[in-house]
Amino acid sequence: MNPDQVLINIAEKIASCNKCDLHHSREKGVPGEGPSNAEIIFIGEGPGFHENMQGRPFVGAAGDFLVELLDGIGLKREDVFITNVVKCRPPGNRDPAPEELKTCSPYLDQQLQVINPKVIVTLGRFSMARFFPHAKISEIHGQPVQVKGMLVVPFYHPAAALHRPSLRSVVEEDFASLPELIKNAEKTPAVQSKDPPEEENQAEQLRLF
Ligand code: SF4
């Protein structure tokens, strides 16, 4: 089966998924979008109000800022794959619960397997925690690591800069550094394995931020 069809099949499963409680508050599942051969994948946290209504990732104010940040490094949103760690909107934009993160994780695993990107950019602490479960985003943002042949780069979520204007320049600087980080990927230190954190550890880990 070709990769585009596999991504369509994953999206169809998400649209009718009822594996966790988030399906109760879902208008539309938000599987993510972008080319199946994208070299870069951006992973956010979960759909917000506008994403839930439209079924598309990053279409609200944070999405506008993400497009601006991509434009600053010569990328269009159509060039990259954009998705989230949970595919349905947590009610009231609350944080996704550890059980919801764990239950939804296979969809992202399958997307990563199909797309096989060279670079994974995590946006915010929940997607960061998939690869760096014991880290604080304030300490590791903008510092890439090679994980299983992919460059994983943790960034703040663009929405964080909208809520905390003091973070805006930090987010802009991190994004501006991305082309150079990719260029120097082969010099980046590698880790053996960074599997998603176990459910029982995740709540404690996420309370660190
Ligand atoms: S968040 Fe993920 S696991 Fe939960 S209902 Fe939506 S698609 Fe299914």
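Each ligand, and each atom within it, is numbered from 1 in the order the structure gives. Please read all numbers here as calculations on a predicted model, not as lab measurements.
Side-chain atoms of R77 and L66, non-hydrogen and from C-beta on, never get closer than 4.5 Å to each other.
In this structure, R168 is positioned above the aromatic face of F65, its NZ or CZ under 6.0 Å from the six-membered ring centre and within 45° of the axis.
Among the atoms of C20, an N, O or S atom falls under 2.8 Å from atom 4 (Fe) of ligand 1. Distances from atom 6 (Fe) of ligand 1 show that C17 has no N/O/S atom below 2.8 Å.
Relative orientation of the F155 and F175 rings is tilted, given thresholds of 30° and 60° on the angle between their planes. The aromatic rings of H157 and F58 sit parallel, their planes meeting at an angle under 30°, below the 60° perpendicular limit.
Near H23, meaning under 4.0 Å from one of its heavy atoms, ligand 1 places the atoms 5 (S).
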(message) Test side-chain contact (heavy atoms from CB on, under 4.5 Å) on M128 and I140; report intermediate values, then the result.
(response) CA-CA 10 Å; M128 177 198 69; I140 70 159; 3.7 Å; yes
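Distances from atom 2 (Fe) of ligand 1 to the heavy atoms of P106, C104, P90 show the closest one on C104.
With respect to atom 6 (Fe) of ligand 1, the closest heavy atom belonging to the protein is C88 SG, 2.3 Å.
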